[in-house]
Amino acid sequence: MADRSMALDAQTEGLLHRHGFDRDTFELLRHRLETGESRLGDNRIRGRVEPPAEGDVVSLPPPGSAERERLAELGRQAIRDGRVGAVVLAGGMATRFGGVVKAVVEVVDGRSFLDVKLADIGKAARDAGGKVPVYLMTSFATHDEVVELCAKATSDEVPVEAFDQFVSLRLTPAGELFRGDDGTPSPYAPGHGDLTFALRRSGVLERFRKAGGELLFMSNVDNVVATLDPAIIGSHLASGCAITVELVDKEPGDKGGAPARVDGKLQIVEAFRFPEDFDQDRIPVFNTNTFVLDAAAIDRDFDLTWFAVKKKVDGRDAVQFEHLVGQLTAFIPSCYLRVERAGPETRFQPVKDPEELEARRGAIRAGLEARGVL
């Protein structure tokens, strides 16, 4: 029988309290793991899954075209009117760059990921003659350092604020509390699906909406070429959808969430959720985790799935339950926009570790220079 003791040291108790630990949900998920209700790797969709239909995915018009300029002007007007904000996901566990928070890592020309993100948003605000508030979602592992960065980075045209996502504790596959080699519980950040819940808990979403905000452009801090392009905002407005998802063409070996119809409803399906007999190569595009979100549409609770994920911690198997933000598309009408993956228009150059940064730095610089960010 699993050890259900929740005797925690004072430091862990303080961390959990500060970052919104939900003990009731934790115990429910723990029970599901103990009883076998949550089976590791058993996250596959049981319904009918089909590739997107013709017309489900549209492409962003090319630069210089009349339609691209029309969409860009729609987006600039929305920025000028104070209707647009930006959310940058700056959480994680600060492990892949030697314990340094990724937001402060130099990405190009002596500038950090966060520097470049804010420079781009500032340029979009100036070009439109407006102001764009930026909200940085942190984790318990990155929050304090990112808050310090906010104080230095905020400006009249780009006010910057940090809000933290939630925290939970890892379990063993048997449902016991996982403890590290030092004997202490092992906390983790439970996925970017925390976004809408954390925006509401922090009061950020309420303040944004009360100030006239309507749209939030969301991107990862490590994908600096996912710039605040007014044409993307304009495409979202023209679509009438509550969520716009940016997609890129797949390359050989790519695995990731992709648009699919589940029992007829178009949504993002994570790679691990597709039925085993479904050929994912039938879908030629995949999700970049860059979205435009209607603030009003996300200002409610969502019954997102808690996915059981196995991790190696201190050389041993641990289990953590995670939410994924892409699953919002199962609840809210969504549109799917194909953007460029390569060349000067590239919008997808994510960086997960130092090796990937070295490999992508040239493409990142070229994309940012082409847009006047550098």
Side-chain angles (χ1 to χ4, degrees), residues 63 79 84-128 130-164 189 192 217-230 232 246 248 288-290 339-374:
I79 293 172
V84 178
V87 171
V88 179
L89 305 186
M93 295 296 290
T95 56
R96 295 187 178 180
F97 282 83
V100 177
V101 173
K102 188 184 290 185
V104 306
V105 171
E106 178 187 347
V107 58
V108 64
D109 296 349
R111 304 176 76 172
S112 72
F113 285 101
L114 185 57
D115 287 339
V116 174
K117 276 287 185 188
L118 297 180
D120 162 60
I121 295 167
K123 180 178 184 301
R126 288 191 301 275
D127 289 349
K131 179 172 76 170
V132 179
V134 177
Y135 307 107
L136 306 177
M137 187 170 85
T138 66
S139 69
F140 70 91
T142 66
H143 186 72
D144 290 344
E145 189 161 352
V146 172
V147 167
E148 290 185 16
L149 294 173
C150 290
K152 301 173 184 176
T154 194
S155 65
D156 289 341
E157 63 191 15
V158 182
V160 185
E161 179 179 351
F163 67 101
D164 56 335
H192 44 55
F217 173 72
M218 188 212 89
S219 62
N220 292 332
V221 73
D222 65 16
N223 186 21
V224 292
V225 295
T227 53
L228 179 53
D229 186 336
I232 300 285
E246 291 192 29
V248 292
T288 67
N289 213 47
T290 302
V339 298
E340 292 300 323
R341 180 167 186 167
E345 284 287 298
T346 177
R347 293 187 60 80
F348 187 64
Q349 299 291 335
V351 175
K352 301 305 179 188
D353 54 42
E355 292 73 27
E356 193 166 39
L357 175 55
E358 286 306 312
R360 294 187 182 275
R361 185 170 272 134
I364 291 170
R365 180 183 289 109
L368 294 173
E369 286 177 346
R371 275 161 261 184
V373 178
L374 294 182

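- Here the CE atom belonging to Met137 is positioned 9.5 Å from the CG atom belonging to Asp164, to the nearest 0.5 angstrom.
- Between Ile364 and Val351 there is a side-chain heavy-atom pair separated by less than 4.5 Å.
- Ion pairing between Lys131 and Asp156 fails under the 4.0 Å rule for side-chain N and carboxylate O.
- At least one side-chain heavy atom of Arg347 sits under 4.5 Å from a side-chain heavy atom of Ile232.
- With contacts defined as side-chain heavy-atom distances shorter than 4.5 Å, the pair Glu246/Ser219 does not qualify.
- When all heavy atoms of Glu157 and Ala125 are compared, the pair lying nearest together is O-CB, 4.1 Å.
- Closest of all the heavy-atom pairs between Cys150 and Val160 is SG-CG1, 3.6 Å.
- Residue pairs meeting the salt bridge (Lys or Arg N to Asp or Glu O under 4.0 Å) criterion with at least one partner in residues 139-149, sequence neighbours excluded, are Arg18-Asp144.
- Inter-residue side-chain proximity for Phe217 and Ile79 is flagged as unmet; no heavy-atom pair is nearer than 4.5 Å.
- Val88 pairs in a side chain to side chain contact (heavy atoms under 4.5 Å, CB included) with only one of the listed residues (Val146, Asn223, Leu136, Thr138), which is Leu136.
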For this session: Applying side chain to side chain contact (heavy atoms under 4.5 Å, CB included), run through Lys352 and Asp222 and close with a yes or a no.
Result: CA-CA 7 Å; Lys352 301 305 179 188; Asp222 65 16; 3.2 Å; yes
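- The backbone N or O of Arg111 lies less than 3.5 Å from no partner atom in the side chain of Asp109, so there is not a single donor-acceptor pair.
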For this session: Please step through side chain to side chain contact (heavy atoms under 4.5 Å, CB included) for the pair Val248 and Val339, ending with a clear verdict.
Result: CA-CA 6 Å; Val248 292; Val339 298; 3.8 Å; yes
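- For the pair Leu118 and Ala153, the tightest heavy-atom approach, listed with the atom from each and the gap, is CD1-CB, 3.4 Å.
- For the residue pair Ala103 and Leu149, the shortest heavy atom distance occurs at CB-CD1, 4.5 Å.
- In this structure, CD on Glu340 lies 14.0 Å from CZ on Phe348, to the nearest 0.5 angstrom.
- Considering every non-hydrogen atom in both Leu357 and Phe97, the closest pair reads CD2-CE2, 4.3 Å.
- Minimum interatomic distance between Ile121 and Ala86 (heavy atoms only, all atoms of both residues): CD1-CB, 3.7 Å.
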Review item, side-chain donor-acceptor pairs of residues 367-374, under 3.5 Å, at least two apart:
residue: Arg371; atom: NE; partner: Gly367; partner atom: O; Å: 3.2
residue: Arg371; atom: NH1; partner: Val225; partner atom: O; Å: 2.8
residue: Arg371; atom: NH1; partner: Thr227; partner atom: OG1; Å: 3.2
residue: Arg371; atom: NH1; partner: Thr346; partner atom: O; Å: 3.2
residue: Arg371; atom: NH2; partner: Pro344; partner atom: O; Å: 3.2
residue: Arg371; atom: NH2; partner: Thr346; partner atom: O; Å: 2.4

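- For the ring pair (Phe, Tyr, Trp, His ring centres under 6.0 Å) test, no residue two or more places apart in sequence or in another chain qualifies with Phe113.
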Problem set entry | Trace of the side chain to side chain donor-acceptor pair (under 3.5 Å) decision for Lys102 with Thr142 | CA-CA 9 Å; Lys102 188 184 290 185; Thr142 66; over 6 Å; no
